[in-house]
Amino acid sequence: MQGLTAMPTFPASITLEGRAMEWHWLRAWTVLACPDCPTSQVVRGAVLGEGFWGYLAMAGVPFLLIGALSALLYRVGLPPRELKP
Amino acid sequence: MAGTARHQGAIISAGVLLGTGLGGFFDGILLHQLLQWHNMLSSQLPPTDLVSMKVNMFWDGLFHAFTWLTTVIGLGLLWRAGGRPEVPWSTRTFVGSLAIGWGAFNLVEGLIDHQLLGIHHVHPGAGQLAWDVGFLMFGALLVSVGWGQVRGEGRRNTRGKGRAARAEVAFR
């Protein structure tokens, strides 16, 4: 534990709910990784709130387009499809 | 059958997806995490406080999840192609397809996210347009070099070399 207390602190400019985080790394890490603390609740609200589906589409559309390109290129070397009368 | 292997597309489609995975992970790991030049939404929600950072981190994670899925599908297609005798098992075709995939990622991501939607830029700041254009040009270069490799090999090589082709020859 001696080593942990000797670790450097975050700069005072990094804040959590307005408080300067001047704890050592271990304690700061525990706060940052909190699964259900007030910060996480705000983050969850921001992510899942208005605009979620729009941002999801933004993130997914480039991959869908490349998937379509990949499917198109799969036909290289195959005989052309016969058109049904 | 092994002497007339022509279905290059099986390798190309796998390579394009794997190349997209390589490009996506390169972007995510180097530009988002190590250099921290941009995040997924950093032009709309600058990561200047903890909450904004964590929101950006979520969308970066989703980007990495899509990249991972693309890589997994590419691996599956490559594995399946390796077991078919009509697929020419060519390093040039595969490497060319990887380049096409990486380049296509840069082009699609650059046009949609950087230029059209403006949700982030490669290196925000005074010279951001130059960085964005460079990103697009690198993508176009990769696509053209990759396509040249694939076309050249398509004319030259028609023999099946995959696992299944070797097995077929062994049974003769």
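The model shown is predicted, which means the values in this text are computed figures rather than measured ones.
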Check whether [X] gets within reach of chain A through its side chain, its backbone, both or neither, counting any heavy atom under 4.5 Å.
| X | answer |
| --- | --- |
| B:T67 | both |
| B:F66 | both |
| B:L111 | neither |

Does the side chain of B:L41 reach to within under 4.5 Å of the side chain of A:Y55, using non-hydrogen atoms?
-> yes
According to a hydrophobic-cluster definition based on side-chain heavy atoms being under 4.5 Å apart (Ile, Leu, Val, Met, Phe, Trp, Tyr only), do [X] and [Y] belong together?
| X | Y | result |
| --- | --- | --- |
| B:V122 | B:L30 | yes |
| B:I112 | B:L107 | no |
| B:V72 | B:F25 | yes |

Any donor and acceptor pair, going by atom type alone, linking the side chain of B:H7 with main-chain N or O of A:Y74 inside 3.5 Å?
-> yes
Separation of [Y] [atom2] from [X] [atom1] (nearest 0.5 Å):
| X | Y | atom1 | atom2 | result |
| --- | --- | --- | --- | --- |
| A:M58 | B:L117 | CE | CG | 5.0 Å |
| A:R44 | B:K54 | CZ | NZ | 10.0 Å |
| B:M53 | A:T39 | CE | OG1 | 12.0 Å |

How would you list, by chain and number, every residue that makes a side chain to side chain contact (heavy atoms under 4.5 Å, CB included) with B:Q36, sequence neighbours excluded?
-> none
Heavy-atom count around A:F52 CZ within 6.0 Å, excluding the residue itself: above 12?
-> yes
Using atom types as modelled, flag every donor-acceptor pair under 3.5 Å from a side chain in residues 60-72 of chain A to any protein atom, sequence neighbours excluded.
from, atom 1, to, atom 2, distance (Å)
A:S70, OG, B:S13, O, 3.0

